[in-house]
Every structure is written in structure tokens, then in C-alpha cells.
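Please read the structure below before turning to the comments.
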Protein chains: 2
Amino acid sequence: MKVLNKHTDYAVRALIALGMKPGSRISAKTLSEEQGIPYQFLRRILQELIRNGLVSSKEGAGGGVALARDPDEIRVRDVIEIFQGSVQVSECMFRKQLCSNRANCVLRHEIMRIERMVNDEFAKVTVGKLIADLKRVEEARAGVQVQE
Amino acid sequence: MKVLNKHTDYAVRALIALGMKPGSRISAKTLSEEQGIPYQFLRRILQELIRNGLVSSKEGAGGGVALARDPDEIRVRDVIEIFQGSVQVSECMFRKQLCSNRANCVLRHEIMRIERMVNDEFAKVTVGKLIADLKRVEEARAGVQVQE
DNA sequence: ACTAACTGATACTAAATTGGTATCAGAAAT
DNA sequence: ATTTCTGATACCAATTTAGTATCAGTTAGT
């Protein structure tokens, strides 16, 4: 059971990388090399992020991409929604008419509760928070060289 | 983003159905008809549940399947694990050597936290609980015919 | 004006996964 | 012996996932 697919995974990584260099534009090529993400794949991911307003872009030589918002305003949940759609149970009943199957309904009720939890949690994780965590980790490892 | 696949979904439904008729064996055919689950598909699902000790079976005419345990001891999480593997992040890093990518690590840390939550929640939902919920719902609807 | 470095859009593909079917062998009840 | 069942396993089509390729248009620098 995989929670995140490669699209989401790469997207978040790219967003973190962009967030670490605020103000500057980075080309998809550079980003792909730095992050080890296949170039063409990353291009498509970035385009999707651009379409959804998380990233801004500038065409032409010297162009590239940058975060379009404050990193604290970019939630991992937003990214998941873009690439994996909103969290939902296997073939949501409510699209069809009423729950044909009663047992199903009960199960779904539980699942939706859990889904809400997951959504709320992923909404709490912002790119800004991840960057902060990252910096904290790197400081710690730059400071005292702990056991390794 | 789909949480449960058909295997898990049908499996839980089947387990609930079995749990509702304690003691009696039911054939895969009957179960498939009652629950509207494709016969051959259900057969394979049941075999998997049997292999994993959630269901017991008896071969031959008059045979069939039944729960192998107390419904309260069958967790939806167990079922998910059987059919979808344990919840995990897109390609767990830790199988490879150390996190090659720092940003990744930070993201993964968050995701694993959320995963643990999900796992714990799905562990709390047992077939027994679902059956109890189901009965409660059906009583309510048998009693006062509420607005509809 | 040319060219190199970019993004926009979109078509294509291989491999894996998902959901489902079919078949054959063997066990038990009648 | 025949019917009703499970055990095991092979097969299949559709979808999804991950990744590639191509061409058109934009901008900066010369």
C-alpha cells in the first residue's frame, strides 16, 4: 500500500528545493540534476504545479521556476490532491445512488473518518515546515558529529 | 488516491457476512450471490484469507467457509496487509542504504508518522465492531421510520 | 538577427497493478 | 457415481504509473 506516488514525491522534493533558495529562479534542468529526478518527468510535474499556482515560471533563456507562494502556505495535501486526487475509498459509493450494500456503508463510515484524519495531518505538513525540519537536521549534523 | 482496493473491500464485506452468521458454513457461491461479488474473484480472496488464518474452510459437498476467529480479533488492518501490503511510503528509502536525499528523509519522517496513525486506526476497526455498527444501524432503521 | 537556454503542450511507451475469468484436480456428502 | 464444494494456478484486458520524446514558442545575450 503505497501512500505517495513518484509524482507527489518528486513534486514535494522540488518544492523544498525551490523553497530553500528563495527569490531565485531555477531551471528544470538544474533542478533535475540537483535532485536526481528524470528531467522530462520533472518538467511535467512542474508544469502541473504551475497550472495549480504553486509554482511560477518564466520562459526563455535565464528563465526557470520559483515558488509562487510562501512555503508555509504550500501543504503536502495540496500536492497529493494535484497528483493523486483527493483521498477516497475504493470507488466511493456516494457517486452511485445510495449504498446498495449495508456492510459497505459501515466500513465506509470508518474509512471516511480515517481519511479525514489523514487529510488533516497532510494539511498540517507544509513545505515551510519541512524546510525548517531539514535545516534543523543539517545544523545538528554540522555541529556535534554524533555517533555514526 | 484510493485507500482500499477491491480485494480488501470484498474481503471485509465477506468477513462481515460470515461474522453475521456465526457457526454456519457458507459456500463461496452463496456468499458471492448474497454480496454481489464476482464468484471467481471471491474464491481467490477467500483462499487468501484462509491461507492467512482468518477464515476456515471445509471441502466437498456441504462444505464452505466460516470465520476462523472471533470477529473482534479480526482487524481491518490485517486484511489490508494481506491484500495491499503494509502501509508504506512510495518506495521506502530504508531498504536501500541510507537516505541519499536529505529532503526526502524529512518528508518521509512526516509520512511515517501519519502512516503509524493510519495503521493504528485501522487496527482499531475490527470485523466485530463493524458488525455491531451494522446491527445498530439496522435496528435504528427498523424502529422509527425517520425522514427519508 | 541569431542562437542558446529556457518553458508550454502534448503524444508516446513499457512495465506494473488491478480486477476479473477460466480450468483442472481433489474432497466430502448423498 | 454424481453433485457440490475447496485448492491451486494460469490467464487476460484495462488502467495506472513512471518515464521519454518532440515540437513550438519565449527570452537573454551576442
Side-chain angles (χ1 to χ4, degrees), chain A residues 1-14 18 24-68 79-80 82-85 88-91, chain B residues 1-14 18 24-68 79-80 82-85 88-91:
Chain A
M1 189 191 193
K2 228 169 36 180
V3 176
L4 301 192
N5 64 21
K6 287 281 186 188
H7 292 253
T8 307
D9 188 41
Y10 289 158
V12 175
R13 285 209 243 166
L18 292 177
S24 62
R25 293 202 170 278
I26 306 177
S27 75
K29 183 146 171 286
T30 306
L31 205 49
S32 116
E33 282 159 3
E34 279 181 14
Q35 299 297 319
I37 303 173
Y39 174 66
Q40 296 292 355
F41 198 22
L42 177 61
R43 291 269 339 263
R44 271 181 31 200
I45 290 167
L46 288 173
Q47 289 190 5
E48 205 59 45
L49 293 175
I50 291 161
R51 258 177 232 125
N52 283 274
L54 306 201
V55 163
S56 74
S57 66
K58 200 187 162 207
E59 284 178 275
V65 295
L67 288 195
V79 182
I80 293 177
I82 292 171
F83 295 103
Q84 307 183 230
Q88 60 162 67
V89 187
S90 66
E91 232 166 55
Chain B
M1 188 191 195
K2 229 169 36 178
V3 177
L4 301 191
N5 64 19
K6 286 283 187 188
H7 291 253
T8 307
D9 188 40
Y10 289 156
V12 175
R13 284 209 244 166
L18 292 177
S24 62
R25 294 203 170 280
I26 307 177
S27 76
K29 183 147 172 284
T30 306
L31 204 51
S32 116
E33 282 160 4
E34 279 181 15
Q35 299 297 317
I37 303 173
Y39 175 66
Q40 296 293 356
F41 198 23
L42 178 60
R43 291 272 335 266
R44 271 181 30 199
I45 289 166
L46 288 173
Q47 288 191 5
E48 205 58 46
L49 292 175
I50 291 160
R51 256 177 235 125
N52 284 273
L54 305 201
V55 163
S56 74
S57 66
K58 200 188 162 208
E59 284 179 275
V65 295
L67 288 195
V79 183
I80 293 177
I82 292 171
F83 295 103
Q84 307 184 227
Q88 62 163 65
V89 186
S90 65
E91 231 165 56

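In plain terms, the two heavy atoms of A/Thr8 and A/Gln84 that are nearest each other are OG1-OE1, 2.6 Å.
Rounded to an integer number of Å, the gap from B/Arg25 CZ to D/dT6 C1' is 11 Å. Rounded to an integer number of Å, the gap from B/Ile45 CD1 to D/dT9 P is 18 Å. The CG atom of A/Leu46 sits 14 Å away from the P atom of C/dC6 (whole-angstrom rounding). As a whole-Å value, the separation of A/Leu49 CG from C/dA9 P is 14 Å. B/Ile82 has its CD1 atom 18 Å from the C1' atom of C/dT18, to the nearest Å. To the nearest angstrom, C1' of D/dT4 lies 13 Å from CD of B/Glu33. One can place CZ of A/Arg13 at 12 Å from P of D/dA18, the figure rounded to the nearest angstrom. The distance between atom CZ of A/Phe83 and atom P of D/dA18, rounded to the nearest whole Å, is 12 Å.
One distance of note links CD1 of B/Ile37 with CG of B/Leu31; it measures 6.0 Å at 0.5 Å rounding. Rounded to the nearest 0.5 angstrom, A/Leu67 CG and A/Leu49 CG are separated by 9.5 Å.
With hydrogens and angles ignored, the 3.5 Å screen pairs no side-chain donor or acceptor of A/Gln35 with any backbone N or O of A/Tyr10.
Residue-to-nucleotide contacts include no donor-acceptor pair under 3.5 Å from the side chain of A/Arg44 to the base of C/dT7.
Across all strands, B/Lys58 comes closer than 4.0 Å only to sugar-phosphate atoms, never to a base (heavy-atom distances). Using a 4.0 Å heavy-atom criterion, one finds that A/Ile50 contacts the sugar-phosphate atoms exclusively.
At the phosphate of D/dC5, neither OP1 nor OP2 sits under 4.0 Å from any side-chain N or O atom of B/Ser57. For the OP1/OP2 pair of D/dT16 and a distance below 4.0 Å, the side-chain nitrogens and oxygens of B/Lys2 include no atom meeting the criterion. Remark: B/Tyr10 is in phosphate contact with C/dG20, judged by side-chain N or O atoms under 4.0 Å from OP1 or OP2.
Contact check on B/Lys29 versus B/Glu33 returns a salt bridge, with a Lys/Arg side-chain nitrogen under 4.0 Å from an Asp/Glu carboxylate oxygen.
Nearest-nucleotide mapping onto DNA chain D: of A/Glu59 and B/Arg43, the residue sitting toward the 5' end is B/Arg43. Residue A/Lys29 is the one, among B/Leu42 and A/Lys29, whose nearest nucleotide of DNA chain C lies closer to the 5' end (criterion: closest heavy atom).
When distances are taken from the side chain of A/Gln40 to each of D/dC5, D/dA28, D/dT20, the shortest belongs to D/dT20. Taking the side chain of B/Asn5 as heavy atoms from C-beta on, and the options C/dT18, C/dT21, D/dA18, the nearest nucleotide is C/dT18. The side chain of A/Tyr39 sits closest to C/dT7 out of C/dT7, C/dG19, D/dA18. Residue A/Gln47 has its side chain nearest to C/dG8 when only C/dG19, C/dT7, C/dG8 are considered. When distances run from any side-chain atom of B/Lys6 to the nucleotides C/dA9, C/dA4, C/dG20, the shortest one goes to C/dG20. Nearest to the side chain of B/Val65, among D/dT6, C/dA4, C/dT7, sits D/dT6.
The aromatic rings of B/His7 and B/Phe83 sit tilted, their planes meeting at an angle between 30° and 60°.
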